[in-house]
Protein chains: 2
Amino acid sequence: MPKKSKKSQAKQPPADNLSHAKVAEAAVHLLDTRGTRGLTMRALAEHLGSGVMSLYWYVDNKDGVFDLALDFVMQYNPPASHDLDTIDCRAGVIAILQDWREVMLKHPWSVFLLPQRTLGPNILTRLEMLAKILSRAGVQDSALNTAIWSLWNYVVGATTTRVSFLIQMEKSPDPPVLDDSFTLISQSGLLMSDDWDGVFLGGLDMLLDGIIEDA
Amino acid sequence: MPKKSKKSQAKQPPADNLSHAKVAEAAVHLLDTRGTRGLTMRALAEHLGSGVMSLYWYVDNKDGVFDLALDFVMQYNPPASHDLDTIDCRAGVIAILQDWREVMLKHPWSVFLLPQRTLGPNILTRLEMLAKILSRAGVQDSALNTAIWSLWNYVVGATTTRVSFLIQMEKSPDPPVLDDSFTLISQSGLLMSDDWDGVFLGGLDMLLDGIIEDA
DNA sequence: ACCTGAACACCGTTCAAGT
DNA sequence: ACCTGAACACCGTTCAAGT
């Protein structure tokens, strides 16, 4: 029989109560497994075993769900501050950006969402960390913002490109056939590039040269 | 009376016949004026004075509309090839990237779409152009792909950030209030940055140093 | 070859209510 | 304070037809 087997003892509070954290986690799960289009309020509610409209207690609208998911995934544990003094600036920056990039590659939807949503606390923490390392390394206050934005742009750009190639390859394994007019880039195999990690680190080195040299 | 005033002379082919170009143009118009969410198949059909399903003759599905719109906006007229010989490599690259960036800033939706769709012919033309200039300036074949992707990543990243700040400012004019824990970035006014063009050109210079120096 | 309306299986969200 | 179902005004797309 479908009824509860337990003897009724008044309203047992449902163990599956909602919370911001639960909504966030469920949203991430759906995004990871079914992509951006797979995240619907109805699917989310079903996954949580709740009514659809219950979600709206924790969130203003669907964009709120995206914000929760994004911040959930961007969780960041800054290194203890006494480590900060001993660490090399260059290595520190690279570590932050690599960790950031890895998070986004693990949750490909996040890189498309990141620039479309407001900056959550976890992202701000990462930026603050960058500021701390750079200024300790002697980057002037006047150059700090430019430096941080350059690094931000770099990670976002590089990871976006990377993810979009992953998606493209998933859809059709071989690169598109190129017209005769594209002799150079078809010769060089631009669209068949595969050393993405190398390109990432190489470009980052160039950028850091420019940033730190001025300090 | 609502009837045609002209005397019926058999089927006058409707002047508003559809075509790929017309669909593309209408889609761009809707995207520009109503944003990504404002582009629906129904709105598009209404704007064109056709039935909704007529669109599907020119396009497989809605993604096809996005592809048309993106390529339409990315139209590119490469400089005549005799100009190519006289032009400075650095100036040439900057000109291409600046034009590209301006196009995207004029159609903010395009920068979010770009990494999500397949590369249309107009974008490929821009990449081929970059390849031509760089290799003429002596960038080795082995370094060419890395150089092009670095530049690509840079424009995409920088423009994405720029556009997302424009949108944010449109929604609420003042930057978000920062917690006490974000002392450095609130001191430096990171989120109130306003010299975007300067940051763009500055970072590009650093990048080009790295690319051309090795040549 | 090109265009169409009706119908289907979805969406996000408002509302008025329940506990 | 927290949760809910019914209903509304939309979506993209399939299908079976029309010219």
Task: A:L55 CG to D:dC3 P, straight-line distance once rounded to whole Å - done: 10 Å
TODO: Check whether any side-chain heavy atom of B:Q168 sits under 4.5 Å from a side-chain heavy atom of A:T118, and report yes or no.
DONE: yes
Task: B:S54 side-chain N/O to C:dT4 phosphate OP1/OP2 under 4.0 Å - done: yes
TODO: Check the distance between C:dG12's P and B:R37's CZ and give it to me in whole angstrom.
DONE: 10 Å
- [ ] Check whether NZ of the Lys or CZ of the Arg A:R101 lies under 6.0 Å from the centre of the six-membered ring of A:F200 and within 45 degrees of that ring's axis.
- [x] yes
Open item on the list: Strictly below 4.0 Å, N to O, side chains only: are A:D71 and A:R117 in salt-bridge contact?
Closed with: no
TODO: Find the distance B:E46:CD to D:dC10:C1' and express it as a whole number of Å.
DONE: 14 Å
Task: Closest to the A:T40 side chain, choosing from D:dT4, D:dC2, C:dC11 - done: C:dC11
Open item on the list: If the cut-off is 4.0 Å, is B:W57 near the phosphate of C:dC3, judged by side-chain N/O to OP1 or OP2?
Closed with: no
TODO: Determine the Euclidean distance between corresponding P atoms of D:dC15 and C:dC2; express it in Å to zero decimal places.
DONE: 22 Å
- [ ] Measure the CD1-NZ distance between A:I185 and B:K132 for me, rounded to the nearest 0.5 Å.
- [x] 11.0 Å
Open item on the list: Please report the distance, rounded to the nearest Å, between CG in A:L44 and P in C:dG12.
Closed with: 10 Å
- [ ] Dump the intermediate steps for side chain to side chain donor-acceptor pair (under 3.5 Å) on B:S193 and A:N145, then the final yes or no.
- [x] CA-CA 7 Å; B:S193 198; A:N145 287 345; 5.1 Å; no
Atom pairs, protein N/O to nucleotides 13-17 of chain C N/O, distance under 3.5 Å:
| from | atom 1 | to | atom 2 | distance (Å) |
| --- | --- | --- | --- | --- |
| C:dT13 | OP2 | A:Y56 | OH | 2.8 |
| C:dT13 | OP2 | A:K62 | N | 2.9 |

Open item on the list: Heavy-atom count check: over 12 atoms from other residues, nucleotides or ligands less than 6.0 Å from A:E25 CD?
Closed with: no
Open item on the list: So, does A:N17 get its side chain near the phosphate of D:dC3, meaning an N or O under 4.0 Å from OP1 or OP2?
Closed with: yes
